[in-house]
There are 2 protein chains.
Amino acid sequence: MATMADVARHADVSVKTVSNVLSGHPHVRDATRDRVLAAVAALGYEINVTARIFRSGRSGVVGLAVPELGQPYFGELADEILSAARSHGLQVLIEPTGFTREGELAALRVPRRGLVDGLIFSPAALVQSDSHLLDSLDYPLVLLGEQMFSPSVDHVTMRNIDGARAATDLLLDAGRRHIAVIGMLHAETAGSASLRYTGYQQALEARGIEVDTRLLGWSDEAWHRANGARAMADVLDSGVPVDGVVAFNDALAIGAMYELQSRGLAIPQDVGVVGFDDIEDSRYSVPTLTTVDPGRREIAHVAVDILRRRMQERLDPGATDRAPVLYLAGMRIVERESTPRRTG
Amino acid sequence: MATMADVARHADVSVKTVSNVLSGHPHVRDATRDRVLAAVAALGYEINVTARIFRSGRSGVVGLAVPELGQPYFGELADEILSAARSHGLQVLIEPTGFTREGELAALRVPRRGLVDGLIFSPAALVQSDSHLLDSLDYPLVLLGEQMFSPSVDHVTMRNIDGARAATDLLLDAGRRHIAVIGMLHAETAGSASLRYTGYQQALEARGIEVDTRLLGWSDEAWHRANGARAMADVLDSGVPVDGVVAFNDALAIGAMYELQSRGLAIPQDVGVVGFDDIEDSRYSVPTLTTVDPGRREIAHVAVDILRRRMQERLDPGATDRAPVLYLAGMRIVERESTPRRTG
DNA sequence: GCGACCAGTGTGAACGCTCACACGCCCGCA
DNA sequence: TGCGGGCGTGTGAGCGTTCACACTGGTCGC
């Protein structure tokens, strides 16, 4: 297989010039560039990526550690990150952590001296007290998700409180006053469930409405459709009137909608339903689901951008490291059929 | 940062010996190995992966080209492949092709001289006439999915015909005689839709039952829930009696179930429903969905194994390339609540 | 007791590229 | 005319590892 030296010989230039042309060095005469490219084409030369990585110390590969791709939210997030990365010529190595602590620790180890320039990490099993693990890492790292770890690490997160509050407000604006919550967790203290619940609380409080605990639908960590149906059933069975539902994710919402409809309740006429995440499913449910778009696309793009900037910083020695970023993606309600039009 | 030479000096051996120890070469005396490992620990040495890749020509990374991770089937497939690869110490670089021809062609180009040792490729946009593109590739390639391309390439596929036939038989065995099909495609000729339809046909034929075209529910390529509901509605609106449904994937089945239930039909008492793919959703739908498990897990593991074998073959020059493999994964019906018990 | 053989280790040469540096050349300005 | 500076290109030195091969010393068979 042809090497750079072969191309250089063929184009009658030095190896360095070939390298310059191929890595986009600006100061190459057009005629020279053309000669080199012609030689490349003639020999069917393709650059040896591994040699370039080895010598330059940069692989152009970033790691992505997420719990599980089978979950639509993470699958779609991965798609976004892959496309953002690709638009900058970066490849992505995905490391599923399986919701386990060991998996997440392993993902943190991978990049060391490896073929990965940086890591985008969506933690699910690490807890606050693991913060220190993130401080001593010698590679660029961007954290995704709602939990705040070490303040010395860049975070790109979503507006959980605002999102849940907006979802609740949407129903309140339409005159709904008996709004159930689907997806309450017993165990968690700082994750998305409690933050989203806080948003719900704030919305009610702002209107002087008391939280009715009978409206709280509990689930376990697996926010699946069946749990949504079950929690919805529990709430309805308590006899409390319900005219709205805020579900902590879309799968729960779809399950809740099933339960409501199987009891003859009309959506949105009798009960309005709002989900969270804006996964593809919510566009295809019946009725289609109003949901909170947490800015997944934005999160992906910003995370990749921040990571790129950090990767850049470690290259030019002049650049002083900027302070850690805490970026909150723009949240947005996507109104579909499952909620009534606002009445003001 | 420490290099192998530092370790060698510290352990008082040659660089080669350190290399031997670190790459698991068997002929190293225990005492020597211990000394080397002690030196490694003392210096906090970690091997430079990129140098190793460069020199050895192997990266330990395999590519995975799938249309889209956001689709549960592919997300779950990717999880399986990642875990299979990881159990052999391989990393996976995912290349989403976005259901486009260009995306798929790009994915085929990536591994050339790159940091990927081989490719697992699930084509969705390439057609039969693109076969020749796959013949001239100079890296190990395993194709996934139902379509047969070049006979010179390894394929790991699912039993589409058998699966659909078994799904249909399940309903026939329970005495159902008016079985609708959800997911018929106008455009396609050799893909999973037509193969699955063939299975349906065969099952009816074996019992001497004519296909009633009013029972065929048409969709576009996007096998989403809403299309399932729509196709189901079309069939029901035609006035034909229906006591069973074979849907070409689980999302379609869930949509169909919604439509049936909203018309007051009980599942499985009035209508039995079978899906295809066994995605996580089918375990959480209401009722839970009987479906065809196409052997996704097996497909993933076998694909990785075949790829590893091919990667091995190109290393030891002695090995003659084995003939291309066509592997059909074991298909299996997963009976859940949406189908009646067989009456024999 | 001699050579064949093999485990165990060392030597030196790549692998193909990028990087720091050097050098010539041309342009513009004094 | 002289000179500085930047553009365009070349030179040579590695980057850290693995690989082919060479070597040593002991074991085994006859």
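Just so it is clear: chains get the letters A, B, ... in the order the sequence lines come, proteins before strands, and each one is counted from 1.
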**Asked** So what does B/Thr32 touch, heavy atoms closer than 4.0 Å: a base, only the sugar-phosphate, or nothing?
**Response**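 Sugar-phosphate contact only.
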
**Message:** Categorize A/Val15 for me: base, sugar-phosphate, or nothing, with a 4.0 angstrom heavy-atom threshold over every strand shown.
**Reply:**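 A/Val15: base contact, heavy atoms under 4.0 Å.
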
**Request:** Would you mind reporting whether B/Met4 and B/Leu22 have side-chain heavy atoms less than 4.5 Å apart?
**Result:**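 Yes, at least one pair of side-chain atoms sits under 4.5 Å.
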
Nearest listed nucleotide, side chain of [X], among [options]:
X       : options                : result
B/Ser19 : C/dG10, D/dT18, D/dG10 : D/dT18
B/Ser14 : D/dT18, D/dT9, C/dG10  : C/dG10
B/His27 : C/dA7, C/dC17, D/dT18  : C/dA7
B/His25 : C/dC19, C/dT18, C/dT9  : C/dT9
A/Lys16 : D/dC15, D/dT11, C/dT9  : D/dT11
B/Asn48 : C/dT18, D/dG16, D/dG8  : D/dG16

For a quick test of reading the model: is some side-chain N or O of [X] closer than 4.0 Å to OP1 or OP2 of [N]?
X       : N      : result
A/Arg55 : C/dA20 : no
B/Arg33 : C/dA7  : no
B/Arg52 : D/dT18 : yes
A/Thr17 : D/dG8  : no
B/Thr3  : D/dG16 : no

**Asked** Is B/Asp12 salt-bridged to B/Arg35, going by a charged N under 4.0 Å from an acidic O?
**Response**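 Between B/Arg35 and B/Asp12 there is no salt bridge, as every charged N stays at least 4.0 Å from the carboxylate O atoms.
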
**Note: B/Glu104-B/Arg101 ion pair, threshold 4.0 Å (strictly below)** = no

Starting from [atom2] on [N], measure out to [atom1] on [X] and report it in whole angstrom.
X        : N      : atom1 : atom2 : value
B/Ile53  : C/dG16 : CD1   : C1'   : 15 Å
B/Leu115 : C/dC15 : CG    : P     : 21 Å
A/Met4   : C/dC17 : CE    : C1'   : 6 Å
B/Asn20  : D/dT18 : CG    : C1'   : 10 Å

**Request:** Report the relative orientation of the aromatic rings in B/Phe74 and B/Phe99; use parallel for angles under 30°, tilted for 30 to 60°, perpendicular for over 60°.
**Result:** perpendicular

**Asked** Does A/His155 use its side chain to pair, donor to acceptor, with the backbone of A/Val142 at less than 3.5 Å?
**Response**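 Looks like no, no N/O pair under 3.5 Å.
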
**Asked** Would B/Phe54 count as stacked on C/dC15 if the rule is ring centres under 5.5 Å and plane angle under 30°?
**Response** yes

**Message:** On DNA chain C, does the nearest nucleotide to B/Pro26 precede the nearest nucleotide to A/Leu22 from the 5' side, or the other way round? Give the residue.
**Reply:**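 Closer to the 5' end of DNA chain C: B/Pro26.
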
